[in-house]
*Asks:* 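Starting off with a structure, shown below.
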Amino acid sequence: MSIKENQDSIRVRFAPSPTGYVHIGSLRTALFNYLFAKHSGGKNILRIEDTDQTRKVEGAVENLIKVMGSLGIEFDEGPIQGGNYGPYYQSQRLEIYRKYCDELINNGAAYYAFETPEELDEMRRLQQLEGRQTMYDGRARNLSEDEVRDKLQKGMPHVIRLKVPADREIRFTDAIKGVIKINSNLIDDQILLKSDGFPTYHLANVVDDHLMNITHIIRGEEWITSVPKHILIYEALGWHAPEMAHVPLILNKDKSKLSKRQGDVAVEDYLKKGYLKEALINFISLLGWNPGEGEENEFYSLDELCKIFTLEKVQTSGAVFNPEKLNWMNNYYIKNYDIDRLIELSLPYFKNSGISSSDDIKKILSAIRVYLNKLEEIPIHLKIFIQEDITPEPASLKDLLENDDSKKIFSALKSKIEKLDFVNAENYKQAVSEVQKETGVKGKNLFKPLRIALTGSENGPELPLIAEILGKEKILKFLGKWI
RNA sequence: GGUCCCAUCGACUAGGGGUUAGGUCGUCACUCUUUCACAGUGAAAACACGGGUUCGAAUCCCGUUGGGACCGCCA
């Protein structure tokens, strides 16, 4: 495929820095990029922004690709699958950035600066003290060519900064927010190239988005204030900036930016707890986006989302992440999931229960899935199926088992069950109704003691079902205890 | 503090000049199921405020207030 053809089609990128786990906000950004690309038949590209050597985390990229992949978000180009615009690690593109930096220096859009981090800290401290804006004061702008050459020759550590022009109004149109204007006097002389030779985000993302033919930048709102800097770089290099779409943030309950302090933010955590990928994707897609036009359905598969997703329907304001609604949605998916697929996903949670018969697992899971907000809750519902002795909980329920009527029922049922070869839901029900006739005990007085005697609890799934799973031997044992 | 962004029930949102302001989660009540849950029905619950524009503003404009993001040799 020629580059020319590519220019016509939509290309978006997800550009995370590999700092470890995958943030819920990152997932949403990646999702929107993916949906936008798929919706328009474009390409979804993964680019790793690893220009901060101090923040690199081993295995983070592999983890990210794994997590995204497990949720169904795939990339057409990226560090693993390659592509015509690589390399897709920014750390492997250093010469490229260097080259464009030189170009910026040569055309007067950037300059060398030699302050140490300590000097800059001091400068900011003073500015703060005076109640002024903390901002690079442009002191290195005044260095003469000779001074610069001299310092360079001496091998002094240096950075390259963007020379932001004065008194200009920078404006751009954001696909979500509309027209945004800012005066250039408020823009810092941003560092483009760090003293370790690595570019900053600002330079690297501009260069790469251009070189990789990115047509639309879809990213979090936190980037919106640095767009003007990027515009200046595009201009200085004679390039057109891609379309921009800044999606609103996902928020904590207190409306601040979603953060670790206030709950789980790692997608891995949600997966580990047994949130289904379909539910996660569905729920996240509805955070800051909706199909609109009075559409009241809230359940969408990834494929359906690809069909109906548009940037126009992305919200302008932030969305609070509501775990309760996620639970509700996950429960819905669990209840309606193909049972065999659900069993597969649930197996790890049966591991230490001693329940291994696939028949039993299927029966139990069918009975308890309605209670599950997430798969990790399975073990707490397993107790009634695996306990060897019954201790009523709360203890006060014990009284109900020790009255005369109850004892009468238990004895009657026990002798019925003893005659059975095996117990299933049907013959259990039959036996109980016979007990009812014989003893004259009925209604609550019949069913409640039985439930407590068999499970230790006053509520739970249907009793005949439980009886079938418990089996003859256990039922006899449990009934016998109270006679 | 400066700049930028934002503003419909507690939360997610529909609606964007004339609506009884609709739906979902959550909450509450009732029904169903001899339990709980599920399901069903119903209820309480919102256009931040003030000015314009208009016959008419939740909707358009301005301001106020409130919230958020950003202000690093981090992304």
Side-chain angles (χ1 to χ4, degrees), chain A residues 15-19 49-52 54-55 90 113 115-117 120-121 124 127-128 131-136 157-161 174 176-178 180-183 185-188 190-202 204-205 219-228 246 248-249 251-257 283 286-299 313 315-329 331-332 335 367-372 381 432 436 442-448 450-452 455 457-463:
Chain A
S17 65
T19 52
E49 312 238 325
D50 56 349
T51 55
D52 185 350
T54 63
R55 295 216 304 177
Q90 290 188 326
E115 295 80 21
T116 63
L120 295 173
D121 284 345
R124 273 184 220 108
Q127 287 170 336
Q128 257 167 16
R132 286 188 296 138
Q133 195 61 23
T134 56
M135 195 172 167
Y136 181 65
H158 60 275
V159 301
I160 293 175
R161 283 181 182 272
D174 185 271
I176 295 164
K177 307 280 187 180
I180 293 168
K181 297 174 272 195
I182 188 176
N183 188 290
N185 294 345
L186 278 338
I187 304 173
D188 216 340
Q190 185 62 51
I191 290 179
L192 266 18
L193 205 69
K194 300 183 257 186
S195 58
D196 62 2
F198 279 69
T200 59
Y201 170 83
H202 305 286
N205 106 85
R219 82 241 290 182
E221 191 183 359
E222 69 265 35
W223 291 109
I224 211 162
T225 49
S226 47
V227 172
H246 288 88
L249 300 175
L251 311 173
N252 294 311
K253 212 179 175 70
D254 71 357
K255 306 248 182 190
S256 58
K257 188 168 151 185
F283 180 72
L286 259 14
L287 247 34
W289 172 88
N290 74 87
E293 257 128 44
E295 178 57 64
E296 286 177 359
N297 178 33
E298 290 196 294
F299 294 104
K313 294 293 181 190
Q315 213 68 17
T316 48
S317 53
V320 172
F321 182 92
N322 182 343
E324 258 114 57
K325 188 157 183 181
L326 205 212
N327 282 340
W328 164 80
M329 185 166 270
N331 173 256
Y332 176 89
K335 278 184 308 211
I368 66 171
R369 76 208 286 201
V370 71
Y371 297 98
L372 303 173
H381 295 281
V432 171
Q436 181 186 130
K442 54 185 174 181
K444 262 189 180 166
N445 295 333
L446 173 65
F447 290 93
K448 209 169 171 187
L450 282 177
R451 173 173 291 281
I452 297 167
T455 69
S457 165
E458 54 179 339
N459 44 43
E462 281 183 56
L463 204 47

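All heavy atoms count here, side chains included; hydrogens, waters and symmetry mates do not.
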*Asks:* Describe the nucleic acid contact of A:Gly288 in one word from base, sugar-phosphate, nothing, applying a heavy-atom distance below 4.0 Å.
*Replies:* sugar-phosphate
*Asks:* Check every atom of B:G2, B:C36, B:A75 against the side chain of A:Leu186 and return the nucleotide holding the closest atom.
*Replies:* B:G2
*Asks:* Now, which nucleotide makes the Watson-Crick or G-U wobble pair with B:G66, with each of the two distances under 3.5 Å?
*Replies:*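 Pair assignment: B:G66 / B:C6.
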*Asks:* Check every strand shown and say whether A:Gln190 touches a base, only sugar-phosphate, or nothing at a heavy-atom separation below 4.0 Å.
*Replies:* nothing
*Asks:* Side chain of A:Ile224 only, please: which of B:C73, B:C4, B:G23 is the nearest?
*Replies:*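 For A:Ile224, the side-chain atoms sit closest to B:C4.
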*Asks:* From CZ of A:Phe198 over to C1' of B:G72, roughly how many Å is that when rounded to an integer?
*Replies:* 18 Å
*Asks:* Roughly, in whole Å, what's the span from CD in A:Gln133 to P in B:C70?
*Replies:*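 Rounded to the whole Å, the gap is 15 Å.
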*Asks:* Could a donor-acceptor pair under 3.5 angstrom be found where the side chain of A:Lys325 meets the base of B:U24?
*Replies:*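 Yes, the side chain and the base share a sub-3.5 Å donor-acceptor pair.
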*Asks:* Just how far, in rounded Å, is P of B:C5 from NZ of A:Lys257?
*Replies:* 18 Å
*Asks:* Starting the side chain at C-beta, find the nucleotide from B:G26, B:A69, B:A75 nearest to A:Trp328.
*Replies:* B:G26
*Asks:* How close or far is atom P of B:C70 from atom NZ of A:Lys177, stated in whole angstroms?
*Replies:*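 Rounded to whole Å, this separation is 13 Å.
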*Asks:* Can you check the A:Arg451 CZ to B:U33 P distance for me, whole Å?
*Replies:* 15 Å
*Asks:* Considering every strand and a 4.0 Å limit on heavy-atom distances, what is the contact class for A:Lys181: base, sugar-phosphate, or nothing?
*Replies:*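 It contacts sugar-phosphate atoms only.
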*Asks:* Output the single nucleotide from B:C73, B:G23, B:A14 whose closest atom is nearest the side chain of A:Asn290.
*Replies:* B:A14
*Asks:* From the list B:U34, B:A7, B:C73, which nucleotide is the closest neighbour of the side chain of A:Leu120?
*Replies:*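 Looking only at side-chain atoms, A:Leu120 lies closest to B:C73.
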*Asks:* Check whether any side-chain N or O of A:Gln315 sits under 4.0 Å from OP1 or OP2 of B:C6, and answer yes or no.
*Replies:*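 No, no such contact exists.
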*Asks:* Between B:G2 atom P and A:Ile187 atom CD1, what is the distance in whole Å?
*Replies:*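 Atom-to-atom, A:Ile187 to B:G2, this comes out as 18 Å.
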*Asks:* Look through every strand shown and name the nucleotide pairing with B:C36 as Watson-Crick or G-U wobble, where both distances are under 3.5 Å.
*Replies:*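 Base-paired to nothing in any strand shown.
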*Asks:* Does the structure show a Watson-Crick or G-U wobble partner for B:A29, both distances under 3.5 Å? Name it, or say none.
*Replies:* B:U41
*Asks:* Indicate whether OP1 or OP2 belonging to B:C6 is found under 4.0 Å from a side-chain N or O atom of A:Lys255.
*Replies:*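 Checking B:C6 against A:Lys255, no side-chain N or O comes under 4.0 Å of OP1 or OP2.
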*Asks:* Please determine, for the side chain of A:Lys335, which listed nucleotide (B:C5, B:A39, B:G22) has the closest atom?
*Replies:* B:A39
*Asks:* So what does A:Ser256 hit on the nucleic acid, given a heavy-atom distance under 4.0 Å: a base, only sugar-phosphate, or nothing?
*Replies:*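 Sugar-phosphate: the residue A:Ser256, judged by heavy atoms under 4.0 Å, touches backbone atoms but no base.
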*Asks:* Counting only side-chain nitrogens and oxygens, does A:Thr134 get under 4.0 Å of the OP1 or OP2 atom of B:G2?
*Replies:*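 Negative; the distance criterion is not met.
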*Asks:* Phosphate oxygens OP1/OP2 of B:G68: is one of them under 4.0 Å from a side-chain N or O of A:Ser317?
*Replies:*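 Checking A:Ser317 against B:G68: no side-chain N or O falls below 4.0 Å of OP1 or OP2.
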*Asks:* Please tell me which of the listed nucleotides, B:C12, B:C36, B:A69, lies nearest to the side chain of A:Tyr371?
*Replies:* B:C36
*Asks:* Would you state whether a donor and an acceptor, one from the side chain of A:Glu324 and one from the base of B:C25, lie under 3.5 Å apart?
*Replies:*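 Answer no: no donor N or O sits under 3.5 Å from an acceptor.
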*Asks:* Quick one: label A:Thr116 by what it contacts on the DNA or RNA (base, sugar-phosphate, nothing), any heavy atom closer than 4.0 Å.
*Replies:* base
*Asks:* Can you see if the side chain of A:Lys313 gets near the phosphate of B:G15 - specifically, an N or O under 4.0 Å from OP1 or OP2?
*Replies:*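 For B:G15, OP1/OP2 do have a side-chain N/O of A:Lys313 under 4.0 Å.
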*Asks:* Considering every strand shown, what is the Watson-Crick or G-U wobble mate of B:U19 when both distances are under 3.5 Å?
*Replies:*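 Answer to the pairing question: none, since B:U19 forms no Watson-Crick or G-U pair.
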*Asks:* Can you tell which of B:C38, B:A75, B:A11 lies closest to the side chain of A:Asn322?
*Replies:*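 Between B:C38, B:A75, B:A11, the one nearest the side chain of A:Asn322 would be B:A11.
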*Asks:* Hey, can you tell me if A:Tyr201 and A:Trp223 have their rings parallel, tilted or perpendicular (30° and 60° cut-offs)?
*Replies:* parallel
*Asks:* To the nearest Å, how far apart are A:Asp174 CG and B:U3 P?
*Replies:*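 Taking atom P of B:U3 as the reference, CG of A:Asp174 is at 20 Å.
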*Asks:* Remember a base hit wins even if backbone is also touched, and classify A:Pro199 as base, sugar-phosphate or nothing at under 4.0 Å, heavy atoms.
*Replies:*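 A:Pro199: backbone/sugar contact only, no base atoms under 4.0 Å.
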*Asks:* With heavy atoms under 4.0 Å as the rule, sort A:Arg124 into base, sugar-phosphate or nothing.
*Replies:*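 The answer is sugar-phosphate, as A:Arg124 gets under 4.0 Å only of primed atoms, P, OP1 or OP2.
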*Asks:* Atom CH2 of A:Trp289 to atom P of B:C12: distance rounded to whole Å?
*Replies:*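 Computing the A:Trp289:CH2 to B:C12:P distance gives 17 Å.
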